[in-house]
Number of protein chains: 2
Amino acid sequence: MLPILLVFLLTTVLLAKNNISRLNLMPMPEKIVLKEGQFRLESNFTINIVGGSADLLFKGVSRVLTRLSGRTGLFLVYPSPFREEEDDAISMTIKAGRAGKLVLDEDESYTLIISPAKIELSAETDIGILRGLETFLQLLDSDEDGYFFPAIKIEDKPRFPWRGLLIDACRHFIPVEVIKRNLDAMAAVKMNVLHWHLTEDQGFRIECKSFPKLHQLGSDGLYYTQEQIKDIVAYAGDRGIRIVPEFDLPGHATSWLVGYPELASAPGPYTIERNWGVFDPTFDPTRKETYEFLEKFFKEMATLFRDEFWHIGGDENNGRQWDANPQIQKFMKKNGLADNHALQNYFNSKIEKILDKLDKTMVGWYTDTQPVLAKKYVIQSWKGRKSLYESARNGYRCLLSHGFYIDLIQPTAYHYLNDPIPEDSILTESVEKLILGGEATMWAEFVGPETIDSRIWPRTAAIAERLWSPVYVNDVDDMFRRLDIVSFRLEELGLTHQINYDMMLRRLANNYNIDALKNFVDVIEPMYTYSRDHPHVFKSYYPLTRVVDAARPDPLVAREFDQLVDRFFAEKTDDIENLNAIAGWLNMWKANHTRLFQTIQFSPVLKEIETLSEDLSKCAAIGLEAIDYIKKRQKPGQDWIDAQLITLKNAQAPRGETELLVVKSIEKLVKEINQPGTTIFDR
Amino acid sequence: MLPILLVFLLTTVLLAKNNISRLNLMPMPEKIVLKEGQFRLESNFTINIVGGSADLLFKGVSRVLTRLSGRTGLFLVYPSPFREEEDDAISMTIKAGRAGKLVLDEDESYTLIISPAKIELSAETDIGILRGLETFLQLLDSDEDGYFFPAIKIEDKPRFPWRGLLIDACRHFIPVEVIKRNLDAMAAVKMNVLHWHLTEDQGFRIECKSFPKLHQLGSDGLYYTQEQIKDIVAYAGDRGIRIVPEFDLPGHATSWLVGYPELASAPGPYTIERNWGVFDPTFDPTRKETYEFLEKFFKEMATLFRDEFWHIGGDENNGRQWDANPQIQKFMKKNGLADNHALQNYFNSKIEKILDKLDKTMVGWYTDTQPVLAKKYVIQSWKGRKSLYESARNGYRCLLSHGFYIDLIQPTAYHYLNDPIPEDSILTESVEKLILGGEATMWAEFVGPETIDSRIWPRTAAIAERLWSPVYVNDVDDMFRRLDIVSFRLEELGLTHQINYDMMLRRLANNYNIDALKNFVDVIEPMYTYSRDHPHVFKSYYPLTRVVDAARPDPLVAREFDQLVDRFFAEKTDDIENLNAIAGWLNMWKANHTRLFQTIQFSPVLKEIETLSEDLSKCAAIGLEAIDYIKKRQKPGQDWIDAQLITLKNAQAPRGETELLVVKSIEKLVKEINQPGTTIFDR
């Protein structure tokens, strides 16, 4: 059923040898020199550690040995590393100059030398060693005789020091084990910051001992205990990942105010918000009790989060409560605060002072007015590179998140090519230095524990490469080739982006047999999130188990089909094999609706995509007719073309909040068929 | 590729209407009366709760609404239940007489009445309500018009009060989220006791504040914190499940003695055991420090575990350290303790006194000598029904685990028919009353977090039915029919028995395409565990990622094939469709090795099953030849038969610790082909 897919992947594995451009590395290292020969992996494989933090490296290397053993089935004789051992029989030596610190700009570089007899991994810090170990694991290969690593020399270091992933644990709660496996995945692609969005209108997600009504009344019982927070912070630290907590202020604050309505700018009572959007509840910035409360709160939280950086959110305060409160208006006049921006700047300055006392550096979302804060403040841009450069030119350090909003379901290639500092950048070097990197943002309106991995992975690996690898590493096709391998390997870390797909389809089909449903969902995509959410009627408790939730961004089958069509037009001569491959998919889709209809009849949850499935079959039939014309070297009439284009256009209307992906390629077949110059008839 | 499977499952769903014997209920309720009509499920569905514990029922009913919404995709308008609401528009009324207690013999009965206009669920206790809600969910059905429940009246109660699952969290550590999802699965099939094996030679898995070296030195860092224990105990309680902890004593104690070697019967030092088996390290029962230590330890643990019952293990103490210790020998002589059994009885009596002070009732494994303990002691039998009856006749309450050792990979049907009190039992009523029920035991030598669900589920649902449903519910075919549906539904609770299968195959194949590998692993089974472990060379750190780990007990495809062959011989006339279905599978397997060989070549971890895969293809070819004879009504010569039987016999030799399953059915085809009387030629 999937002939193309099979060939593609086998080729990838087969060609991976002795050819840098076929190595399955991601992010791509800075310098690679392939050598002759291979290091063969046997069960007597040993690793010896020299230098660095003994605990971090023992745990890190033990994890690597477990993964090696897991992939190969080898009964490793030495399942744990040695320490400072002098022995010629050691297979791999790891040397760290010193223990790394979990701080911005820590050295993460490493050098990996694999020769047929020995492997050496060295780094200035043990965090660099962790990065190198992931590269090492990505090099594992196999042939008929067993497992091996290619002889190679790699020298590598990151391009940006801040390579983050934001996880919103508020709109839907994201349990401990989900956070942990995502930390593992981040480490696998060398990301180093988890930006943990912990408070929101829809939920206050962390236990607070000073003000227990915060988590008790603001979370529906879904929050992290402080023990869990400590556990996760340690888990991240073991992987060389910093954790930056976000406590969103002064807006996005409904859940705080359920337990403490007296802190709000309007009288309560408040209840946990069940809708998505921007809401009114806002802290009262004019009362000293607000700052006393926040200082005590931050002080307690600072015992849990040791990172220098501290995110206070700060955007999307709609100002309505401020406008409506006479006392606040009076306060503004008295203090010469011209508008709500000025009042928010006042608030931020007060918060800045509290954080200064705690040795924390404030991070906030970009707002249209520039801040009046110390220059150590870090601004996170969600409004395009222009706003990023504006912040940097004003002397603030900044992070790019615009273009990395993975919750929106945009093309992976778009995220991949979204360079914070493109090659043609005209920024001065000193301004460029203020751009610390970027963060993928996983907002959680439309994801829960079951689906979040499939929205983050594998796409975030492409963003990880953008932020780690040299600027010139930007071949989209090669990125996808490696991304599919990374996606495959992430499963060993417990990521569920792949396994939950079939499970969700089984539940939807109400049957073990999901062939027809899968054929269909393999080529649809959830619609652009802002369009999906546009009516703002979705409630936080609605199910995330529909077809739109099972569907994945940039699915492999659709990409493969689009590539086949592109290749057909790109090539100068007719490639019959390619054309037959295209026809193979189209034939399958043409017949699919009849099959899927059987399933839909007994699974009402599928009704919402019935006409979309029908349209896929219709479009496939059109594609086959087009191929028929091509094969017969016969030009269709314009009437035929026009009629088909209407059908194809209609098929692109979303249903069940999902869209058909391959229609555009079929449209191309129909549109291009008669074009003079580009037409295949002129070949 | 799987025509039979498809038909089988669709049929199941289609026939589920208006026919008790086709209802997908498991465990089967005591009394069912199907009525006319259906209750249609719409998004305005509401539940109102009356009586019982408000908190337990609010949470329990909310979970049910979430599962209903998850399966149907319905945007429920009322995602939480009402409480004591008077409104004719209420769809479902739940009435609990009182809050249930987490004690042995608590009332778990319930009555569920579904009529087209209204649903009523009532029970003496809210725990009974939880049991009834699972039945309610199992009744959800669908047709072209949407979702519905059949009109029905069910009156139900359990046959045995103790329906347990033992999880060994020691040999391999089983993380919190794995325990939780298994508690959900237990609740789904109305089990009510988690027997949690927390200490073993290979690991001490619980945080102890009085003696922190227990978990610090005895666990490799893999233990439950007390906060986690409390969380899990509460989680179980919310589901009406008691938790009985096991602290294995005086043997199986190596991990305790790593931190506290002074408590052992021989001088230390001790290290965590890395092999499987029975080992020497044993507590010294002659020193008062031992009892002081254990009393303090138990006292701390008793703050975490509130259940009346307390498992002290107590078996497999090999006595070597006692034999070799002159002081212990002296003590025995002085106290008139004739042998190690007597010494262990002495130890147990001391422990009993400690537990008495804590209001705990001791549970222990059966040993060959009867205990000299108070009659409230509970004996768990792992040695056959004879030992169970012996204990009961001696006046002890007891539990059956023999025949429920799900770690051993025995046939599900064997577990299912293993009735603690069979219909033909000759026990007196008063002795029968001492048989409290039984426990499935998931010992963890060969499972880890990734595979444990696939060993427990779905098979344990068959054991759950044995312990809940009336004795006469024992139709194996119908059990399997319902078991496959239960297995399907368990996925919504996060169980991984199904999803991890494909993932493990992908890792083994080193490729997304697993078709050939799956065709093969679908019809093999891990070999009987005691044979597998016989050489006792397996180390605790060896990988659990091989083919044997991916393979599952009693796989569906093999069962389907065996059924087809059985049906062929059972029927009086030739059923050509059936014969063709058999040939369909055989043709696929015949061709499969050539396909799988391509994968094996690039995945050395599969080498160990190469000849087994080859044998499957060979056997399938033999089966096809047999069918050819049958179709041609031609009798093969005895030479041909003898030659094939040799090949078929050889194919049954295990490789990679796995066995081919379908060979016996092929053997049947070959053997029976010429038998006078039974032969198809005589039809």
Side-chain angles (χ1 to χ4, degrees), chain A residues 2 5-6 9-10 13-14 59 66 69-76 79-80 142-147 175-177 221 225 227-228 231 449-450 484 488 491-492 494 496 498-500 502-503 506-508 510-513 515 539 541-547 556 598 601-605 608, chain B residues 2 5-6 9-10 13-14 59 66 69-76 79-80 142-147 175-177 221 225 227-228 231 449-450 484 488 491-492 494 496 498-500 502-503 506-508 510-513 515 539 541-547 556 598 601-605 608:
Chain A
L2 298 173
L5 205 62
L6 172 61
L9 285 159
L10 278 179
V13 175
L14 290 176
K59 286 194 270 188
T66 301
S69 163
R71 282 187 207 174
T72 61
L74 284 172
F75 287 13
L76 293 180
S80 306
S142 62
D143 58 20
E144 283 179 271
D145 298 325
Y147 295 92
V176 170
E177 68 270 18
T225 66
E227 179 174 303
Q228 289 173 330
D231 181 37
E450 200 168 85
D484 292 330
F488 186 88
E491 288 203 87
E492 87 184 0
T496 64
Q498 185 78 14
I499 51 175
N500 280 358
D502 281 11
M503 180 272 288
R506 278 192 290 273
R507 181 170 51 205
L508 285 164
N510 197 25
N511 201 289
Y512 284 105
N513 188 303
D515 289 349
K539 312 271 183 201
Y541 48 78
Y542 283 171
L544 296 172
T545 54
R546 292 155 61 217
V547 173
L556 179 56
Q598 303 302 319
Q601 285 214 296
F602 292 96
S603 198
V605 66
E608 60 180 343
Chain B
L2 298 174
L5 205 61
L6 171 61
L9 285 159
L10 279 179
V13 174
L14 290 177
K59 287 194 269 187
T66 301
S69 163
R71 283 188 206 172
T72 61
L74 284 173
F75 287 14
L76 293 181
S80 307
S142 62
D143 57 21
E144 282 180 272
D145 299 323
Y147 295 92
V176 171
E177 68 271 17
T225 66
E227 178 173 304
Q228 289 172 331
D231 181 36
E450 201 168 85
D484 292 330
F488 186 88
E491 288 203 87
E492 87 184 359
T496 64
Q498 183 78 14
I499 51 176
N500 279 358
D502 281 10
M503 180 273 287
R506 280 192 288 273
R507 181 170 53 205
L508 285 164
N510 198 24
N511 200 289
Y512 284 104
N513 188 303
D515 290 349
K539 312 273 185 197
Y541 47 79
Y542 283 169
L544 296 172
T545 54
R546 292 155 61 216
V547 174
L556 178 58
Q598 303 302 318
Q601 283 214 298
F602 292 96
S603 198
V605 67
E608 61 180 344

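Below, chain A is the first sequence line, B the second, and so on; all start at residue 1.
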Results of ring-ring contact (aromatic ring centres under 6.0 Å, His included) for A/Y541 - residues two or more places apart only: none

With a 4.5 angstrom heavy-atom cut-off, which part of [X] approaches chain B: side chain, backbone, both or neither?
| X | value |
| --- | --- |
| A/L74 | backbone |
| A/S69 | both |
| A/R546 | side chain |
| A/T66 | neither |

Looking at [atom1] of [X] and [atom2] of [Y], how far apart are the two atoms once the value is rounded to the nearest 0.5 Å?
| X | Y | atom1 | atom2 | value |
| --- | --- | --- | --- | --- |
| B/N510 | A/T72 | CG | OG1 | 11.0 Å |
| B/M503 | A/T496 | CE | OG1 | 10.5 Å |
| A/I499 | B/D502 | CD1 | CG | 10.0 Å |
| A/D231 | B/Q228 | CG | CD | 7.0 Å |

For B/S142 against A/P604, the heavy-atom pair lying closest together: CB-CD, 3.7 Å

Side-chain (B/Y147) to main-chain (A/V605) donor-acceptor, under 3.5 angstrom: yes

Backbone of A/G73 reached by a side-chain donor or acceptor of B/T545 within 3.5 Å: no

Parallel, tilted or perpendicular: ring planes of A/F488 versus B/Y512, cut at 30 and 60 degrees: perpendicular

Option in B/Q601, B/E450, B/E227, B/Q498 with maximal non-hydrogen atom pairs under 4.5 Å from chain A: B/E227

Heavy-atom pair count under 4.5 Å with chain A, highest-scoring of B/R506, B/E608, B/E177, B/R507: B/R506

Contacts of A/E492 that satisfy salt bridge (Lys or Arg N to Asp or Glu O under 4.0 Å) - sequence neighbours left out: A/R67, A/R71

Greatest number of heavy atom pairs closer than 4.5 Å to chain B - which of A/S603, A/P543, A/S80: A/P543

